[in-house]
Amino acid sequence: MADLGNILLFFLFPASVFTALTALAAGYTKRRGLLEAARRGAYVAFGVTTLAVLALEYLLVTSDFSIEYVASNTNLALPMFYKVVALWAGHNGSLLLWTWIVTIFSAIVAYQNRHKNNDLMPYVIFVMAATMTFFSILSIFISNPFDTLYQDLGNTLQEYAVPDGRGLNPLLQHPAMVIHPPVLFIGYVGAVVPFAFAIAALITGNLGAGWIHTTRRWALTTWGFLAAGIVLGGKWAYVELGWGGYWAWDPVENASLLPWLTATAYLHSVMIQERKGMLKVWNMTLVIATFLLSIFGTFLTRSGVVSSVHAFANSGLGPAFAIFLTIAALFSVGLLLFRAKDLKPDEEMQSLVSRESSFLFNNLLFLLATIAVLWGTLFPVISELFTGDQITVGPPWFNNIMIPIGLALLLLTGVGPLLAWRHTSAETLKRSFGLPILGSAVFVAILYFSGVKDGWALGSFAISFFVMWTIVFEFVKGARIRSKNSGDQFFKAMYMLSRKNTRRYGGYIIHAAMVVMFIGFTGNAFNSETRAEVGEGDTFELGPYTFYANHIHHAENENYSSETLELEIRKGDRIVTLIKPEKRYYFASEQPSTEVGIYSSMREDIYAVLSGMSNDGQKVIVQVYRNPFVKMVWIGAFILVFGTLFAMLPNLRETKSGKIVQESKGVE
Amino acid sequence: MNNKIKFIVGSIVIVLAVVVLAVQGLQEDSTMSYSKSVSELHILGDRAKTLSLKVNGDLKKGSITRNNLDLDFVITEGASELQIHYIGTDPIPDTFNNEMDAEVVVSGRLADNGVFNAERIQAKCASKYEADYSSPGFEEEA
């Protein structure tokens with residue numbers, strides 16, 4: 001099976017090279033037959049990679065420990081579910097997953113456009129097949145998951161199998177970690193589709209809005225998956241790493257944030273191009289940047305350039321990625337410069353207080369955020385280059401910049417949608433903003449006098465209140481008008497209203513999701529914690545809570561042994577709940593692992609970690625965190641995904657006779 | 001034209017504000033830490049006491065001592081040793097104990113008495129099969 005897998009995987013290389021070259025020839029000669037061949041090439045590449053993935057799955061599930069990857073990442077006692085998902089637990093397997101997703105997307109794009117975009121498609125397929133070629137080289141020649149184990153017998157190497165594998169890293173044995181990598185990878189890889197269309201538009205000179213319409217759903221999907229992937233990564237860190245937080249401005253976290261920032265900027269600025277024909281070069285730049293940052297993120301995770309809690313060990317892929325990134329960057333920037341003269345704006349900016357300018361400021365802030373995060377992430381590399389000292393900048397540096405930028409962006413989500421295109425009069429401003437501003441001022445005053453004194457937190461709550469008000473008001477106002485005109489009941493009117501412009505109202509839902517998440521982030525200003533050494537029957541306190549150590553017990557199964565503390569949380573005389581922070585020791589990997597105990601309510605999380613045993617083994621050391629509003633972050637993420645899906649629904653349209661039909665024009 | 005100027009001025013103000021935040025962030029030295037190995041730290045001499053540091057080395061086996069909530073240990077690199085006193089509050093990583101070979105990164109400051117006060121400990125463990133395998137598999141710092 002390993003040989004079969006290897007052969008299948010090896011076939012991907014000629015398949016993707018063939019596809020790329022045929023596509024290029026199809027573009028040059030404009031012959032349909034060649035384009036058809038390139039399209040089939042994309043299907044073949046998808047086919048062989050799928051079979052290779054299945055072959056690896058077979059090896060994982062049947063525990064073939066002559067394969068290095070299987071032996072390194074699974075063991076016999078591992079539950080079947082984790083054997084299956086071990087496909088992306090290690091570096092080689094996850095690279096194969098990456099490659100597989102590229103081939104899936106190429107095949108889908110080739111199929112979707114089989115009857116249209118014939119001018120762009122040759123180059124679209126070329127760009128995707130070139131990316132595929134690069135990843136196939138990595139998967140086949142540098143990080144092959146089908147490599148077998150060898151032992152050195154003096155002068156010959158002999159294949160051998162170990163009796164049992166090393167096991168899956170305990171930190172990865174968690175549901176969030178199981179879906180986090182594929183979700184994030186889909187987000188990363190998805191960036192290649194808009195990029196391929198943008199490059200095709202630049203090569204062919206068909207610079208109209210065609211490529212933008214065709215890739216709108218792809219861009220949105222990519223964006224949604226990136227967002228979900230980032231939050232899932234945070235959730236995993238929160239539940240599994242046991243330091244009480246979900247975001248630490250770690251290099252790999254930053255790497256996933258970077259393409260999301262530029263993709264968000266793009267989703268906004270593209271509206272200006274569609275509406276006003278402005279920012280054409282800028283949109284191209286953002287699409288290119290998003291793709292390059294996605295590749296860069298993958299590179300950062302695997303190259304060992306910066307050290308991180310999420311990173312794979314140095315895998316020797318650094319130079320290959322550096323070469324690919326350089327070629328891709330030079331090629332796309334060169335093309336963009338070559339076409340720059342054809343990308344003139346159709347209109348000029350008219351007023352500082354307008355929808356257009358709010359979009360421009362939005363983009364400026366996203367750009368600055370991207371540069372800041374990139375700079376901070378690469379600071380160890382930059383500083384070593386110039387001073388010889390490797391200097392790391394910590395979370396306070398990032399917070400210092402990103403909190404103000406984040407709040408300014410949040411404020412814009414409230415202001416922007418209420419501003420008119422072209423110009424907004426002072427009268428309209430007063431009408432739209434008077435009440436919400438007054439409302440949030442009152443809200444902040446109430447908070448202040450009830451004891452919230454942190455300046456940033458007050459600012460954040462004020463902005464959140466303001467933005468939520470304006471969003472809800474948009475829905476209510478629209479529904480009211482519609483209900484009056486059509487006679488529909490209020491909520492039906494609201495539904496119809498949103499379904500008639502899913503992009504706009506889906507956007508509002510996403511904005512509301514961001515508000516909810518920001519409330520969660522702001523909770524960090526009020527975190528508190530304590531540490532105690534307790535034996536059975538001991539108590540300690542944090543805030544209004546008393547913690548009672550009920551019971552300490554030891555347990556064992558075939559996978560791991562564990563120490564568990566049963567910790568009762570009491571508030572006054574009332575027992576709130578019982579949490580069970582646990583320390584496990586996995587036999588196969590010989591690694592201990594922390595299972596945190598969390599009591600989560602809307603108001604706050606109580607988060608307990610068993611950090612060790614006392615020297616005599618009678619007592620345990622427990623660390624307890626009280627983190628307000630953490631749940632808002634996860635709830636916000638759900639709303640965000642819902643909003644993204646909603647924005648992808650086709651619009652409903654009413655015909656003259658009052659019938660409701662689905663619009664199908666202009667979206668893919 | 002007038003509007004264009006207004007927009008440009010607005011943008012410059014925003015850019016400058018962010019630059020100020022970035023530079024200001026670098027002035028507070030708690031946000032910047034210098035990455036050094038144990039022997040590099042000794043070469044730095046007294047300058048080391050003025051810096052916020054991240055020191056990496058190998059955990060000396062059996063050197064961990066606990067006294068109530070206090071934790072002390074030694075990290076080494078070749079012949080160089082560094083005594084560490086943990087003053088942080090975060091739980092220490094899973095891979096950090098007296099039985100295992102671990103590569104450790106401590107963040108904190110060097111005190112006048114030559115003891116390193118660590119606010120954070122990160123540990124990376126040497127995996128059991130690594131010596132046999134041609135390339136290391138997945139590793140994770142905790």
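Chain letters run A, B, ... following the sequence lines, proteins first and then strands; every chain starts at 1.
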Proximity breakdown for [X] and chain B, heavy-atom pairs closer than 4.5 Å:
{"X": "A:Glu529", "result": "side chain"}
{"X": "A:Ile371", "result": "neither"}
{"X": "A:Leu365", "result": "side chain"}
{"X": "A:Leu364", "result": "side chain"}
{"X": "A:Tyr69", "result": "neither"}

Review point. What is the distance from atom CG of B:Leu51 to atom CD1 of A:Ile391, rounded to the nearest 0.5 Å?
Key: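 Those atoms lie 8.5 Å apart.
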Check your understanding: Checking heavy atoms, do the side chain of B:Val15, its backbone, both or neither come under 4.5 Å from chain A?
Key ->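 Both backbone and side chain.
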Exercise for review: Provide the closest heavy-atom pair for A:Thr392 versus B:Ser35 in the form atom of the first, atom of the second, distance.
Suggested key: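 Here A:Thr392 and B:Ser35 meet closest at OG1-OG, 3.5 Å.
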Exercise for review: Could you tell me which non-hydrogen atom of B:Leu21 sits nearest to which non-hydrogen atom of A:Pro404, and how far apart they are?
Suggested key: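 Closest approach of B:Leu21 to A:Pro404, heavy atoms only: CD1-CG, 3.7 Å.
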